[in-house]
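Let me begin by presenting the structure, written as structure tokens, before commenting on it.
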Amino acid sequence: MQNNKIFIFDTTLRDGEQVPGCQLNTVEKIQVAKQLETLGVDIIEAGFPVSSPGDFNSVVEISKAVTWPIICALTRAVEKDIDIAVEALKYAKHKRIHTGIGTSDCHIKYKFNSNREEILETAIRAVKYAKRYVEDVEFYAEDAGRTDNEYLARIIEASIKAGATVVNIPDTNGYCLPGEFGNKIKYLFENVKGIENVIVSCHCHNDLGMATANTMEAILNGVRQAEVTINGIGERAGNTSLEEIAMILKCHQHLGLQTNINTQKIYSTSRMVSSLMNMPIQPNKAIVGRNAFAHSSGIHQDGMLKNKNTYEIMDPTDVGIDENSILLTARSGRAALKHRFSALGIKYENEQLDNIYQKFLKLADKKKEINDDDLMILAGIDRKHNHHIKLEFLQFTSGFGIKPVASIGLNIAGEKFEACATGSGPVDASINAMKKILTNRQMLMKELTIQSINKGSDDICKVHIQVENEGRLYYGFSANTDVVVATVEAYLDCINKFVIN
Ligand code: KIV
Ligand code: ZN
């Protein structure tokens, strides 16, 4: 086995997609999967097929759409899960089943009301069962981070004997200290018979901010597959971020370890995932945050002008940040727009290009310079054109010493409705007016987040909303240079998700 290659296993479409509000439809998942293929990931975890028909279908369609990476489907150590995963992977050119079970005493006792011996038998049965259908079987020992090392070694050895080709050691709860996690991996290499014949993987969560450090410690102790997500998205505080591992290994060439990642595709992939999942990237996020390469203090700027090495350990162009990218304005043509979108991983042609160009012109009229973040937002808004309930118009008056009032026009499946209302402010008045039209829908706003993107009073603001309907939470997003319009549109984005007619 090639011992200096680190396999990159991307779970953005499975662990990342579990994040509330980040759900993608099948077309969007295919778009991300193809981008991951271009980025050079070795394995794409495409979903958990038994969890829903939507997840099943996505694994089927991704399997058809993607050629080179292995397509992996997650299961519990349950035969029915494995049967459904096998079916979903039917069209995959290279396929893997990822099956496993919780192995910490806490999981064994409270999740399964079982004991170590029974769990060991269930794990062996699941691996053997999966092995009947696919050659490549990955076994995960959930909560391995908190699993007793001796028992972990026994269950990993048993899974290898049963046929596992990859064994995954997850720090499910992001609990371990880096040294402790590294020692766990070392212990397994020293105590598990047959471990030299399989790939050892790690899957770290970021609950204490140590996911990347733990993954690196694991790699330094022999792990050769890193399970990661774009922008570090994932359950709770997220997973290890792909871009961090790829760039650590690139910057520390002395380790002699390589990945297949084309790092120049990192930036466009990061922006695509952020935009499709409506998941903003924190400005100081390593590698892909807006400020990751911004030098603001006078001393730093002075150093940078003298020699970039003073404050830059990597070249922004290595992660695909094009410093000379054309700044788009209302005078830019279709070709420039198409070129910029394509650098961000989005292809527009013909009629689609015309449509997005018209939206671009409208935005450029309001905002002088259009940057990549603005473009990704435009692309996101473009995806909403087939909403069932659309905003036709919105007018509001507010100010000091007057009562805010709003009138609104909605188009519901082609029929037009109008209403007006007052409120505590223009947002409240607009939403009250909207609710007067949608009287038969039960909805309760649970959260409203308003964020600006860059600087300046002409900036686009992004609005994330959570609305509860019949006990379920729905997530909506919109962006506009007008904060009130953005809020109403985000609200409608939510409503469109639970309204059928
Ligand atoms: O965090 C975890 O343990 C997981 C497993 C299903 C691999 O996501
Ligand atoms: Zn996980």
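This is a predicted model, so every value here is computed, not measured.
- Using a 4.0 Å cut-off between charged nitrogen and carboxylate oxygen, Arg334 and Asp354 count as a salt-bridge pair.
- Cation-pi contact between Lys338 and Tyr348: absent, since separation from the ring centre below 6.0 Å together with deviation from the ring axis within 45° is not met.
- Between Met445 and Leu448, some side-chain heavy-atom pair lies under the 4.5 Å cut-off.
- Expressed to the nearest 0.5 Å, how far CG of Leu378 lies from CD of Gln358 amounts to 12.0 Å.
- Between Ile287 and Tyr267 there is no side-chain heavy-atom pair separated by less than 4.5 Å.
- Side chains of Leu249 and Gln258 form no contact here, defined as non-hydrogen atoms less than 4.5 Å apart.
- No donor-acceptor pair closer than 3.5 Å links the side chain of Asp15 to the backbone N or O of Gly234.
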>> side-chain contact (heavy atoms from CB on, under 4.5 Å), that's the test. Do Glu138 and Val167 meet it? Break it down for me.
In response: CA-CA 6 Å; Glu138 173 168 343; Val167 290; over 6 Å; no

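- Interatomic distance, Phe9 CZ to Arg96 CZ, rounded to the nearest 0.5 Å: 6.5 Å.
- With contacts defined as side-chain heavy-atom distances shorter than 4.5 Å, the pair Cys72/Glu45 qualifies.
- Within the 4.5 Å cutoff, the side chain of Thr259 has no heavy atoms near those of the Lys250 side chain.
- Between the side chain of Thr263 and the backbone N or O of Asp318, at least one donor-acceptor pair lies under 3.5 Å.
- Looking at Asn173 and Asp143, their side chains do bring a donor and an acceptor atom within 3.5 Å of each other.
- When the shell of 6.0 Å around CG of Asn113 is examined, it contains 12 or fewer heavy atoms from other residues, nucleotides or ligands.
- No donor-acceptor pair under 3.5 Å is formed between the side chain of Lys186 and the backbone N or O of Glu190.
- Atom OG1 of residue Thr103 and atom OH of residue Tyr151 lie 7.0 Å apart, to the nearest 0.5 angstrom.
- For the residue pair Asn231 / Ser270, a side-chain donor-acceptor distance below 3.5 Å is found, with atom types taken as modelled.
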> Run the side-chain contact (heavy atoms from CB on, under 4.5 Å) check on Ile233 and Glu17 step by step: do they pass?
Replying inline: CA-CA 8 Å; Ile233 61 163; Glu17 221 247 347; over 6 Å; no

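- Aromatic ring pairs are classed by plane angle as parallel below 30°, tilted from 30° to 60° and perpendicular above 60°; the pair His203 and His205 is tilted.
- We find that Asp136 and Lys95 are not joined by a salt bridge, their nearest charged nitrogen and carboxylate oxygen being 4.0 Å or further apart.
- The CG atom of Leu120 sits 9.0 Å away from atom OG of Ser159, with the distance rounded to the nearest 0.5 Å.
- In this structure, the side chains of Ser241 and Lys285 come closer than 4.5 Å at one or more pairs of heavy atoms.
- Between Ile101 atom CD1 and Glu118 atom CD the span is 9.5 Å, to the nearest 0.5 Å.
- Partner Leu242 forms a side chain to side chain contact (heavy atoms under 4.5 Å, CB included) with one of Thr229, Val273, Ile230, Val288 and no other, that one being Ile230.
- Annotation: side chain of Ile124 is not in contact with side chain of Val127 (no heavy-atom distance under 4.5 Å).
- Checking each of Thr240, Leu220, Ile248, Ile6 against Thr215 for a side chain to side chain contact (heavy atoms under 4.5 Å, CB included) leaves exactly one that passes, namely Thr240.
- A side chain to side chain donor-acceptor pair (under 3.5 Å) with Tyr129 is found for one member of Thr99, Thr75, Asp83 and no other, namely Asp83.
- No side-chain donor-acceptor contact under 3.5 Å links Ser201 to the backbone of Ala226.
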> Lys64 and Glu61: salt bridge (Lys or Arg N to Asp or Glu O under 4.0 Å), yes or no, with the steps?
Replying inline: CA-CA 5 Å; Lys64 289 181 191 163; Glu61 295 306 323; 3.3 Å; yes

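- Between His98 and Tyr140, the ring centre distance stays below 6.0 Å.
- Atom CG of Leu208 sits about 4.5 Å away from atom CE of Met210, to the nearest 0.5 Å.
- Between Asp171 and Arg146 there is no salt bridge, since none of the side-chain N atoms of the basic residue sits less than 4.0 Å from a carboxylate O of the acidic one.
- Taking every heavy atom of both residues into account, Ile199 and Phe7 meet most closely at CD1-CE1, 3.8 Å.
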